[in-house]
Amino acid sequence: MPNNKKMYDKGKVVAGLCIFVVLITFPFWFNLGKAAPVPEPKLSDKAKAAKECVMPKAYMKAEHMQILNEWRDTVVRDAKRIYTNPSGKKFNMSLSNTCLDCHTEKAEFCDACHNYASVTPYCWDCHIDPKEAK
Amino acid sequence: MNISYMYSLIAVVVLFLLAYVGVKLPGGEVFFGVIIPYLALIIFVLGFVNRVIDWARSPVPFRIPTTCGQQKSLPWIKSASIDNPSGTGGVIVRMILEVVFLRSLFRNTKCELKAGDKISYEWEKWLWLFSLIFHWSFFIVLFRHLRFFTEPVPACLQLLEKLDGFLQIGLPGLMLSGVALLAAVTFLFLRRILIPQVKYISLGSDYFPLFLIFGIAFTGILMRYFTKVDIVGAKAFTMGLVTLKPHITEGVGSVFYVHLFFVSVLLAYFPFSKLMHLGGIFMSPTRNLANTSRVKRHVNPWNYPVKIHTYEAYEDEFREKMIEAGLPVEKMMEPETPEEPEEKE
């Protein structure tokens with residue numbers, strides 16, 4: 001074809017391509033000049049003293065939401081409140097009284113990672129953090 | 001066994017193994033986590049732009065929109081302003097409906113021979129429905145992934161996640177778009193192998209993206225619901241990529257790298273494949289042109305400049321000889337000026 005260099009509707013095509021490139025590279029310019037430190041959930045002194053949670057740390061990190069889900073179902077549906085972990089230790093299945101008893105700072109413990117990963121758990125639709133409520 | 005889909009399936013399995021094993025080799029994490037993703041993104045953007053510019057260089061001298069309705073005519077004849085657009089407004093509406101709702105696919109019919117030799121065209125909306133589900137769920141899944149690439153995460157993403165997971169099934173909450181994507185890809189694949197006519201025309205390049213997207217959705221779902229990837233570590237890694245300070249975070253696991261590698265392969269493959277319909281839909285002359293074939297004169301840009309010799313000029317040249325030979329002429333020779341002073345084109 002003769003005149004192979006010519007672009008037809010150049011204005012529209014270039015404008016469209018510019019929009020495309022800007023959209024594709026959105027994460028690059030959105031985060032420009034921003035520091036995004038990786039959050040580290042802060043353990044309270046009581047949690048540090050207890051050394052181990054209901055389950056080992058790695059398991060808690062990955063599966064805590066499922067434990068909470070099971071606890072809720074067991075308490076609400078079967079009215080059983082005592083959870084025995086594999087090492088035989090017994091826990092009262094309660095987010096407010098057991099979990100938050102050790103992990104006293106919701107903002108520094110729960111929210112640190114949840115906010116970073118943009119997770120909005122619906123725990124707090126019903127439960128309250130007593131500190132936030134005050 | 002059909003070699004088209006067997007080769008594609010084998011290719012995706014090989015890609016899986018490549019990333020799964022390769023990431024465990026020394027330097028594998030840097031190679032699959034940093035070099036390949038950046039390279040894939042560069043190939044994607046440059047390849048995409050190059051392909052579109054290449055298309056823009058092809059002349060479309062004449063108006064060739066598909067006309068699916070009455071064209072604009074006399075004022076008392078009702079015209080189909082979207083299906084046979086006569087101006088930019090109609091074209092814009094038509095393009096939006098095409099891009100957002102895959103409107104032309106809605107016209108899909110099934111052609112069958114019934115009772116021996118009787119041909120019938122039947123209502124067939126399943127392809128349209130599942131394509132729509134596929135494209136939209138893929139888009140939503142892609143958009144949701146921005147939570148790994150932005151900090152702070154924009155509020156609209158949280159709203160979308162809430163909508164996407166509004167059934168609150170299980171924890172981590174089930175995202176409907178992920179299930180829809182997997183279901184739609186499965187439908188699009190089954191359609192290709194179960195309908196004989198479609199199977200006949202399906203090539204490796206049709207199956208490969210389907211398997212690849214299936215692999216991406218599968219590894220993503222695996223990480224979210226089953227193997228439980230270290231999400232904070234994963235985000236720390238992706239944020240490193242987009243802030244151009246790439247670093248490897250320990251312990252995100254092989255499945256994460258497989259997922260990333262699949263996405264990289266999809267990006268790098270994109271500009272050279274049928275997936276370019278993402279850009280192509282906007283460049284389709286059968287969609288983006290107004291039907292002005294009769295209203296305006298469209299001249300072919302590569303028309304050779306033809307030298308024409310009109311009859312008037314011919315007669316002017318040979319009038320004397322024609323009269324001598326007794327041939328009829330339109331204009332008699334003027335006695336004083338035997339030649340026309342003015343030459344016409």
Side-chain angles (χ1 to χ4, degrees), chain A residues 1-41 58-73 112-123 125, chain B residues 41 44-46 48-49 52-61 144-155 157-159 161-162 165 168 170-173 225 227-245 249 251 267 278-279 282-283 288 301-302 304:
Chain A
M1 208 149 293
N3 198 6
N4 207 12
K5 289 280 171 280
K6 194 192 169 203
M7 260 171 79
Y8 297 87
D9 288 316
K10 197 172 182 178
K12 285 181 207 161
V13 173
V14 171
L17 283 176
C18 286
I19 292 170
F20 167 75
V21 172
V22 167
L23 286 181
I24 286 297
T25 54
F26 167 77
F28 289 94
W29 49 263
F30 181 84
N31 295 303
L32 215 64
K34 279 186 213 162
V38 182
E40 191 61 47
Y59 187 86
M60 288 309 293
K61 194 175 173 184
E63 309 280 350
H64 63 276
M65 68 298 269
Q66 260 161 349
I67 288 183
L68 288 171
N69 208 24
E70 281 162 26
W71 280 18
R72 181 193 58 185
D73 289 353
C113 292
H114 286 162
N115 287 349
Y116 185 69
S118 175
V119 178
T120 44
Y122 54 78
C123 310
D125 290 0
Chain B
L41 188 67
F44 173 66
V45 173
L46 293 184
F48 193 104
V49 170
V52 169
I53 287 176
D54 185 41
W55 281 331
R57 279 180 184 152
S58 319
V60 183
R144 276 202 285 106
H145 274 71
L146 278 178
R147 78 182 169 117
F148 297 114
F149 297 97
T150 52
E151 181 62 36
V153 179
L157 274 168
Q158 278 150 19
L159 184 73
E161 281 210 357
K162 223 164 207 170
Q168 299 192 339
L171 274 174
Y225 303 102
T227 63
K228 302 275 164 57
V229 70
D230 171 14
I231 198 122
V232 172
K235 181 160 180 179
F237 168 76
T238 52
M239 286 305 289
L241 284 182
V242 293
T243 50
L244 303 177
K245 289 172 206 129
T249 35
L267 282 178
L278 171 61
F282 295 98
M283 308 292 283
N288 67 13
W302 69 85
Y304 184 78

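Since the model is a prediction, treat every value here as computed from it, not as a measurement. Protein chains get the first letters and strands the later ones, always in sequence-line order, with residue 1 at the start of each.
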Considering only heavy atoms, which portion of Ile231(B) lies under 4.5 Å from any heavy atom of chain A: side chain, backbone, both, or neither?
-> side chain
Criterion side chain to side chain contact (heavy atoms under 4.5 Å, CB included) on Tyr8(A) and Val60(B), from CA distance to verdict = CA-CA 8 Å; Tyr8(A) 297 87; Val60(B) 183; over 6 Å; no
For chain A, which of Val153(B), Val229(B), Thr249(B), Thr227(B) has the most heavy-atom pairs under 4.5 Å?
-> Val153(B)
Would you tabulate the side-chain donor-acceptor contacts of residues 9-26 of chain A under 3.5 Å, counting partners in other chains and residues two or more places apart, or write 'none'?
residue, atom, partner, partner atom, Å
Thr25(A), OG1, Val21(A), O, 2.7
Thr25(A), OG1, Val22(A), O, 3.4

Distance col, row Phe282(B):CZ vs Asn288(B):CG, nearest 0.5 angstrom, shows 10.5 Å
Chain B contact via Phe30(A) - which portion, at a heavy-atom distance below 4.5 Å = side chain
So, the part of Phe44(B) with a heavy atom under 4.5 Å from chain A: the answer is side chain
Between Thr150(B) and chain A, which part of the residue has a heavy atom less than 4.5 Å away: side chain, backbone, both or neither?
-> both
Pick one of side chain, backbone, both or neither for Leu157(B), based on which atoms fall under 4.5 Å of a heavy atom in chain A.
-> neither
Could you tell me which of Glu161(B), Met283(B), Lys235(B) has the largest number of non-hydrogen atom pairs under 4.5 Å with chain A?
-> Lys235(B)
Mind checking which of residues 59-66 of chain A sit less than 4.5 Å from chain B, heavy atom to heavy atom?
-> Lys61(A), Ala62(A), Glu63(A), Met65(A), Gln66(A)
Would a distance-only check, ignoring hydrogens and angles, find a side-chain to backbone donor-acceptor pair under 3.5 Å from Thr238(B) to Phe148(B)?
-> yes
Let me know if Val242(B) has heavy atoms under 4.5 Å from chain A in its side chain, its backbone, both or neither.
-> both
To the nearest 0.5 Å, atom CG of Leu171(B) lies from atom CD1 of Ile67(A) at 12.0 Å
The salt bridge (charged side-chain N to carboxylate O under 4.0 Å, His left out) partners of Arg144(B) (sequence neighbours excluded) come to Asp164(B)
Does Asp54(B) have any salt bridge (charged side-chain N to carboxylate O under 4.0 Å, His left out) partners at least two apart in sequence or in another chain, and if so, which?
-> none
Evaluate the criterion side chain to side chain contact (heavy atoms under 4.5 Å, CB included) for residue pair Arg57(B) and Ile53(B); output intermediate values, then yes/no.
-> CA-CA 6 Å; Arg57(B) 279 180 184 152; Ile53(B) 287 176; 3.9 Å; yes
Got a donor-acceptor contact below 3.5 angstrom from the Asn31(A) side chain to the Phe149(B) backbone?
-> yes
Segment of Pro152(B) engaging chain A (4.5 angstrom heavy-atom cut-off) = both
